[in-house]
Amino acid sequence: MSVGLGIAGPVLSHRFGVFFFAGGAVPNPLDFRFQKVSGLGSTVSTEAVDEGGQNTVQHHLPQRVTHDTLVLERGVVVGSPLGVEINAAMSLFRFATSNVLVTVFDQDRRPVVAWLFEKAYPVRWSMSDLDASLHRLAVDTIELAYSRVARVGV
């Protein structure tokens, strides 16, 4: 079964790209390879309203949508535009939003499913521990808040 041909089927999660569009339109050519993406989720909060005169009926009315933060992990990259944006946010409290497209690809590198995160900006950054006794990659973890997420057709 080929998912890329529009036929329903499972989507594998190991082929993906994260694309930053500075100012909403200009793609960032360096910051698209990440080893892990998490926080893909939204929740509708509701308000419970009791039905008048009915002690056994309660309605749950939708109030708003809240989003998880988008969490990206990758090896530390020196000189990337995303690194400059994170530094500006964390050191200077200056924020420049970007639209972020997370795309999953099939085995032939064709896009299968994608989500657009609008007006994203960094809200948390951390780096893995530095330990002289271990020989491993230094990993940046970047959390992004955003105003809206939508699944887009591919």
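Each salt bridge (Lys or Arg N to Asp or Glu O under 4.0 Å) pair with one or both residues in residues 41-66, not counting sequence neighbours, would appear here, but there are none. Contacts classified as salt bridge (Lys or Arg N to Asp or Glu O under 4.0 Å) and involving residues 137-154 (residues at least two apart or in different chains) are given here: Glu118-Arg148, Arg124-Glu143.
What you find for Asp31 and Asn28 is that their closest heavy atoms are OD2-ND2, 2.7 Å. In plain terms, the two heavy atoms of Gln35 and Gly75 that are nearest each other are OE1-N, 4.0 Å.
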Checking Met127 against Val76 for the side chain to side chain contact (heavy atoms under 4.5 Å, CB included) test, could you report, in this order, the C-alpha distance in whole Å, the side-chain angles of both residues, the deciding distance, and whether it holds? CA-CA 8 Å; Met127 191 176 96; Val76 173; 3.6 Å; yes

Can you check side chain to side chain contact (heavy atoms under 4.5 Å, CB included) on Tyr146 and Val100, steps first, answer last? CA-CA 9 Å; Tyr146 50 92; Val100 179; over 6 Å; no

Let me see the working for Leu82 and Ile142 under side chain to side chain contact (heavy atoms under 4.5 Å, CB included), right down to the final yes or no. CA-CA 10 Å; Leu82 181 58; Ile142 303 155; 3.8 Å; yes

May I have the step-by-step check of side chain to side chain contact (heavy atoms under 4.5 Å, CB included) for Val77 and Arg33, ending in yes or no? CA-CA 10 Å; Val77 176; Arg33 291 189 175 117; over 6 Å; no

Pair Arg15, Thr103 - check side chain to side chain donor-acceptor pair (under 3.5 Å), show working. CA-CA 9 Å; Arg15 291 185 186 99; Thr103 306; over 6 Å; no

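Under a 3.5 Å cut-off, the side chain of Ser128 and the backbone N or O of Val139 do form a donor-acceptor pair.
Between Phe19 and Phe105, the ring planes are perpendicular. Angles over 60° get that label, and only those under 30° would be called parallel.
Remark: aromatic rings of Phe34 and Phe32 are distant, center separation not under 6.0 Å.
Checked for salt-bridge contact, Asp131 and Arg136 miss the test: no charged N lies under 4.0 Å from a carboxylate O.
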